[in-house]
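What follows is a short report on a single structure.
Letters A, B, ... mirror the listed sequences (proteins, then strands); counts begin at 1. What you are looking at is a predicted structure, and each value in this text was computed from that prediction instead of being measured.
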Amino acid sequence: MTDLPEEHRMLSDSLDAVLAKARDRSELWAELAGLGILGLALPGHLGGAEMGLGELVLISRRLGRSGAETHFVTSEGIAVPFIACCATHPVAADIAPRVLCGDSVIALAFEWTEARRASRSADGFRLVGDIPAMVGWADADVRIISAMLEGEPAVFCLPGEAEECQGPIDIPAANLLLHGKAAERALADAAARAQIVTGAFMIGAMQTLFELTVDYLKTRRQFGQPLASFQALQHAAVDMYVELQTAGSMLDYGVRMFDAEPADRVRATTAMKLKINRAAKFVGETAVQLHGGYGMTMESPVGRLFAAVTVAGVAFGDARACLNRLIAT
Amino acid sequence: MSDAYLSQADQDFRAWARDFFRTEIPQAIRTKVSAGGPLAAEDIRTSQRILNAHGVAVPHWPLEWGGRDWTPTQRYIFGEELQFNAVPLPLQFNCFMLGPVVAAFGTEEQKRRFLPRAANCDDWWCQGFSEPEAGSDLASLKTRAVRDGDEYIVNGQKAWTTYAQYADWIFCLVRTDPHAKKQQGISFLLIDMASAGIELRPVITCDGRHEVNEVFFTDVRVPVGNLVGEENRGWDIAKFLLANERAGIARIGLSKERVARVRRRARETGAWSDPLFRARVVELEVELKALEVTQMKILERAAHGDGAPDSASSILKLRGSELQQRASELMMEVEGQEALRCLPHAGFMATNWDTEPAAALNSYLNFRKVSIYGGANQIQRNIIAKTILGL
């Protein structure tokens with residue numbers, strides 16, 4: 001994190017200032033809007049800053065580091081860049097201003113599966129099938145979802161009234177955002193991006209878990225000595241360090257491979273997510289264990305971050321799914 | 001458990017126990033236990049009272065106080081079937097800590113007063129041992145009890161007090177002689193939670209549950225009659241209690257029940273068609289068998305021994321806790337993405353957990369405690385290294 005380009009350093013510093021100040025979720029979201037960080041992946045003509053994956057990764061990582069409660073990763077990291085892919089669509093023009101000023105949290109269910117299908121109806125489309133269990137979905141006020149339409153992937157913006165996404169949903173014709181090859185490409189981009197920004201969040205969180213643990217070993221005393229004097233605990237901290245370093249390297253690799261050929265990219269981000277998942281499980285569990293009971297509490301950042309990396313570890317590619325995907329390729 | 005180690009009589013006993021649990025304990029409670037969700041206080045009380053009504057809540061206690069004339073193997077079978085059939089464990093603090101302590105070290109009056117009520121969960125006990133500065137180094141505890149006429153005045157703070165929010169009584173290690181060597185100045189005191197000067201602070205764990213608390217004592221007056229054993233000899237009682245705690249804490253039956261649940265669920269979610277997942281289930285089953293037979297051998301040794309705690313119980317705690325955690329991981333993994341469906345809504349940072357019993361992910365978080373409580377696993381390794389390996 002030391003060799004940041006100038007504009008990244010400025011972004012990082014402004015973000016840190018906001019994180020230090022904001023007291024709760026909605027305050028943080030308002031501050032992020034004020035900083036111009038929301039909608040930053042949108043193109044200029046929609047009011048965005050046309051920022052790319054690098055900035056999203058930096059911010060996601062910082063948010064993980066701070067343990068902030070926010071929908072940034074799913075809304076800004078996954079859904080907003082997708083909107084940029086269909087920037088000329090009227091729906092995009094409708095969503096963009098709300099995103100920029102922080103009025104909207106959006107979500108994109110990008111996994112396209114045979115289990116979710118749309119068919120044409122009199123006024124537009126009818127969608128049937130499973131709605132995924134997805135972080136950031138329930139809180140979003142704009143929900144974008146993929147489905148099979150006439151044998152090809154399609155992406156729809158769900159009407160606002162679609163509360164519980166169960167059972168058949170009627171979608172106005174104007175809400176079809178993408179269909180066919182364009183949809184397939186945009187969804188594949190979203191899938192890769194989802195793994196990368198989630199991975200970035202996890203690396204940030206792991207960094208804090210690690211630093212808090214080293215600090216705790218130095219300051220906490222039992223049996224008349226600091227915990228750091230026990231070799232077994234030193235070694236555990238070292239193992240955390242090695243996992244953090246190698247997982248962080250995989251994050252770099254995933255980011256670098258974002259522009260590679262699709263098959264290579266999938267292999268790279270899947271391997272990245274698997275490695276980060278494994279590392280986060282180890283780092284999280286070890287941080288909790290070394291902190292003793294305190295690490296289990298909600299009031300401790302250790303407890304909260306451990307819960308967060310566990311959730312993030314399941315989201316957008318749990319270890320078993322990643323492993324099986326790699327085995328098959 | 002392996003028939004290779006059980007006589008026909010024991011196998012019949014096991015069949016009876018299994019049948020008893022499946023018919024007498026309400027299905028609704030057993031469903032909650034199986035899902036790994038948090039239990040209501042009423043669930044625990046109800047279940048224990050049913051057991052007590054049948055005279056089997058405290059089979060390991062002396063006969064005169066509700067024990068049964070069972071062999072160690074039978075007691076073990078009973079406990080394992082209880083867990084395997086997803087019955088809530090009888091309140092550990094009552095049945096495996098306070099009870100055996102008072103039975104072994106208490107006066108007749110203390111036994112009369114406390115034991116029947118503990119067996120029936122009429123008094124809910126909690127454990128006042130750990131403090132913020134005295135976790136693994138328990139003997140460095142500071143909560144002070146000063147003798148004043150026929151009372152002690154207690155000041156201090158206890159931490160990680162499980163279910164103190166439901167408790168009627170707390171058994172406490174307190175310092176009665178601050179000038180003696182640390183283990184030599186500790187006493188074991190029974191304190192009424194309704195006493196003036198006791199305050200509770202709930203501690204919410206990272207799974208969103210309210211299981212533990214901090215308990216604060218400010219000039220709490222405790223009758224001298226509530227001292228168990230001799231003043232300043234409380235550490236011996238603590239060691240007795242902790243060894244008992246350690247021996248019973250492997251929860252192999254619970255892990256086996258969870259693995260059985262994972263097998264069923266894996267067929268529903270499709271995880272069973274994944275050979276790697278199947279392999280992990282099978283590996284865990286093998287480890288559980290290995291530990292189970294180890295536990296049986298320790299039991300057999302205990303049946304022929306002098307009743308002194310076996311250091312090998314640290315193996316049970318150490319490995320048993322690891323296997324419980326592995327089982328909770330499989331429970332989460334079998335769900336795949338569905339594990340996220342029980343979540344609250346704040347990005348990855350969950351703060352208001354919906355503690356619905358079906359949350360396998362929640363249970364995984366909760367079970368991280370088992371390698372910390374009952375003597376952290378690092379301490380268990382130290383005990384084995386020192387007392388068994390002589391290192």
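- Within the 4.5 angstrom heavy-atom criterion, only side-chain atoms of A/N324, from C-beta onward, approach chain B.
- The pair A/R220-B/E133 counts as a salt bridge, with a side-chain nitrogen and a carboxylate oxygen less than 4.0 angstrom apart.
- When B/M332, B/K369, B/Q325, B/K182 are compared by the number of non-hydrogen pairs under 4.5 Å with chain A, B/K369 comes out ahead.
- With a 4.5 Å cut-off on non-hydrogen atoms, B/I204 touches chain A through its backbone and its side chain both.
- Comment: A/R304 does not engage A/E69 in a salt bridge, judged by the lack of any side-chain N to carboxylate O separation of less than 4.0 angstrom.
- If you tally non-hydrogen atom pairs under 4.5 Å between each of A/G293, A/G303, A/G284, A/G64 and chain B, the highest count goes to A/G293.
- For chain B, no part of A/F230 is nearby; none of its heavy atoms comes within less than 4.5 Å.
- Under the side chain to side chain donor-acceptor pair (under 3.5 Å) test applied with B/T143, the options B/R175, B/Q157, B/E131 reduce to a single match, B/E131.
- Contacts between A/A319 and chain B at a heavy-atom distance below 4.5 Å are absent for every atom of the residue.
- With a 4.5 Å cut-off on non-hydrogen atoms, A/A321 does not touch chain B at all.
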### Task
Check the pair B/Q165 / B/N213 against side chain to side chain donor-acceptor pair (under 3.5 Å), numbers first and verdict last.
CA-CA 7 Å; B/Q165 72 268 39; B/N213 304 267; 2.9 Å; yes
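- Heavy atoms of B/N366 lying under 4.5 Å from chain A belong exclusively to its backbone.
- The aromatic rings of B/Y364 and A/F306 lie tilted to each other, with the angle between the two planes from 30° to 60°.
- Remark: B/E322 does not engage B/R326 in a salt bridge, criterion side-chain N to carboxylate O under 4.0 Å.
- For a residue to count as touching a neighbouring chain, one of its non-hydrogen atoms must lie under 4.5 Å from one of that chain's; by this rule A/V73 touches chain B with the side chain only.
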### Message
The test is ring-ring contact (aromatic ring centres under 6.0 Å, His included); show your working for A/F316 and A/F110 and say whether it passes.
### Response
CA-CA 10 Å; A/F316 313 125; A/F110 54 80; 5.7 Å; yes
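- Salt bridge present: B/R280 and B/E333 bring a charged side-chain N and a carboxylate O closer than 4.0 Å.
- Residue with the most contacts toward chain A among B/A271, B/S140, B/A159: B/A271 (heavy-atom pairs, distance under 4.5 Å).
- If you measure heavy-atom distances from A/L63 to chain B, you find no contacts under 4.5 Å at all.
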